[in-house]
Peer 1: 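The following block contains the structure, expressed as structure tokens.
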Amino acid sequence: MDTKKISDGTCPVGRGLARVGDAWSMLILRDASLGLTRFDEFQRSLGIAPNILTRRLAALVGDGLLERRRYSAHPPRDDYVLTACGRDYLPILSALGAWGARHFGEGGVTRLVEAGSGRTIDPVVVDRATGRPLDEIDLRTVLPTGTV
């Protein structure tokens, strides 16, 4: 697969998947949303090999979803924190989690709650203009005029 072609292509789905389309990246972002910031925390939580974690963190930093912040000079150690771009991805991740729970088994170790009240949230994707859930709308994907 030509990932360069996908990441630089005209399809926004392809461009997004090129950045966060692998399971490790999504799980790292999930853990970052839970407050994990350090390499060893991600490694312990995910059981991921250090070389793979190093590559995924570097890619997420390079693509602007995480920011690296130095917390120790000797030895050099960094925190990895969500950027605005990374935080914008969290509703997508929440919707993916709700879809997974709905179709492949309820329950799990996490749930989405409103910070102020603690009320459990059932995420859905809606049309911004009308507020209607997309799964209630007869949708079609179309290409822009003049594209093949």
Side-chain angles (χ1 to χ4, degrees), residues 1-69 78-148:
M1 179 181 294
D2 186 352
T3 56
K4 179 77 170 143
K5 182 178 178 182
I6 293 169
S7 66
D8 293 342
T10 59
C11 176
V13 172
R15 289 192 308 263
L17 285 173
R19 272 87 182 165
V20 295
D22 68 281
W24 288 126
S25 292
M26 289 187 225
L27 293 172
I28 290 167
L29 292 169
R30 177 208 59 194
D31 281 1
S33 77
L34 294 170
L36 277 63
T37 62
R38 302 215 168 147
F39 187 95
D40 60 326
E41 293 173 330
F42 291 118
Q43 189 176 22
R44 191 171 33 256
S45 171
L46 299 171
I48 185 174
N51 61 324
I52 295 171
L53 179 56
T54 297
R55 283 197 307 268
R56 294 317 314 141
L57 287 170
L60 290 166
V61 168
D63 287 330
L65 285 101
L66 292 177
E67 178 184 344
R68 186 178 321 199
R69 293 184 185 160
D78 298 311
D79 279 327
Y80 296 89
V81 296
L82 289 165
T83 62
C85 178
R87 287 187 301 277
D88 281 352
Y89 179 71
L90 297 181
I92 297 164
L93 197 57
S94 297
L96 179 63
W99 172 80
R102 189 168 33 258
H103 294 286
F104 305 108
E106 291 289 331
V109 295
T110 63
R111 62 189 172 97
L112 191 63
V113 299
E114 184 177 26
S117 69
R119 180 179 64 84
T120 298
I121 301 297
D122 181 21
V124 296
V125 181
V126 301
D127 171 38
R128 183 185 305 269
T130 65
R132 288 180 56 203
L134 293 188
D135 63 357
E136 296 176 2
I137 302 171
D138 183 19
L139 298 172
R140 288 178 181 73
T141 303
V142 297
L143 293 172
T145 307
T147 59
V148 178

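Keep in mind it's a predicted model, so treat the numbers as computed, not measured.
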Peer 1: I would like to know whether Y89 and R19 meet side-chain contact (heavy atoms from CB on, under 4.5 Å); could you show each step before the answer?
Peer 2: CA-CA 11 Å; Y89 179 71; R19 272 87 182 165; over 6 Å; no

Peer 1: Do side-chain atoms of R132 reach the backbone of V126 as a donor and acceptor pair under 3.5 angstrom?
Peer 2: no

Peer 1: Do the side chains of L93 and V20 get nearer than 4.5 Å, heavy atoms only?
Peer 2: no

Peer 1: Side chain to side chain contact (heavy atoms under 4.5 Å, CB included) with D78: which residues, sequence neighbours excluded?
Peer 2: R68, R70, Y80

Peer 1: Under 3.5 Å, which donor-acceptor pairs do the side chains of residues 33-40 form with other protein atoms, sequence neighbours left out?
Peer 2:
from : atom 1 : to  : atom 2 : distance (Å)
S33  : OG     : R30 : O      : 2.6
T37  : OG1    : D79 : OD1    : 3.0
R38  : NE     : D79 : OD1    : 2.8

Peer 1: List the atom pairs, with distances to 0.1 Å, where a side-chain N or O of residues 54-66 and a protein N or O form a donor-acceptor pair under 3.5 Å, not counting sequence neighbours.
Peer 2:
from : atom 1 : to  : atom 2 : distance (Å)
T54  : OG1    : P50 : O      : 2.9
R56  : NE     : D22 : OD1    : 3.4
R56  : NE     : D22 : OD2    : 3.3
R56  : NE     : S25 : OG     : 2.9
R56  : NH2    : D22 : OD1    : 3.1
R56  : NH2    : S25 : OG     : 2.8

Peer 1: Can you list everything that forms a side chain to side chain contact (heavy atoms under 4.5 Å, CB included) with D135? Sequence neighbours excluded, please.
Peer 2: P133

Peer 1: Looking only at heavy atoms, what is the nearest atom pair of D122 and R102, with distance?
Peer 2: OD1-NH1, 4.1 Å

Peer 1: With the side chain counted from C-beta on, respond yes when D31 and E41 share a heavy-atom pair under 4.5 Å apart, and no when they do not.
Peer 2: no

Peer 1: Atom CG in L112, atom CZ in R119: separation rounded to 0.5 Å?
Peer 2: 9.5 Å

Peer 1: Identify the heavy atoms of D88 and I92 that sit nearest to each other, and give their distance.
Peer 2: O-CD1, 4.4 Å

Peer 1: Suppose we screen for side chain to side chain contact (heavy atoms under 4.5 Å, CB included). Which residues come up paired with L139, at least two apart in sequence or across chains?
Peer 2: L134, I137

Peer 1: Quick check for you: to the nearest 0.5 Å, what is the distance between I28 atom CD1 and Q43 atom CD?
Peer 2: 11.0 Å

Peer 1: Output all residues satisfying side chain to side chain contact (heavy atoms under 4.5 Å, CB included) with V113, sequence neighbours left out; order by chain, then residue number.
Peer 2: R111, T120

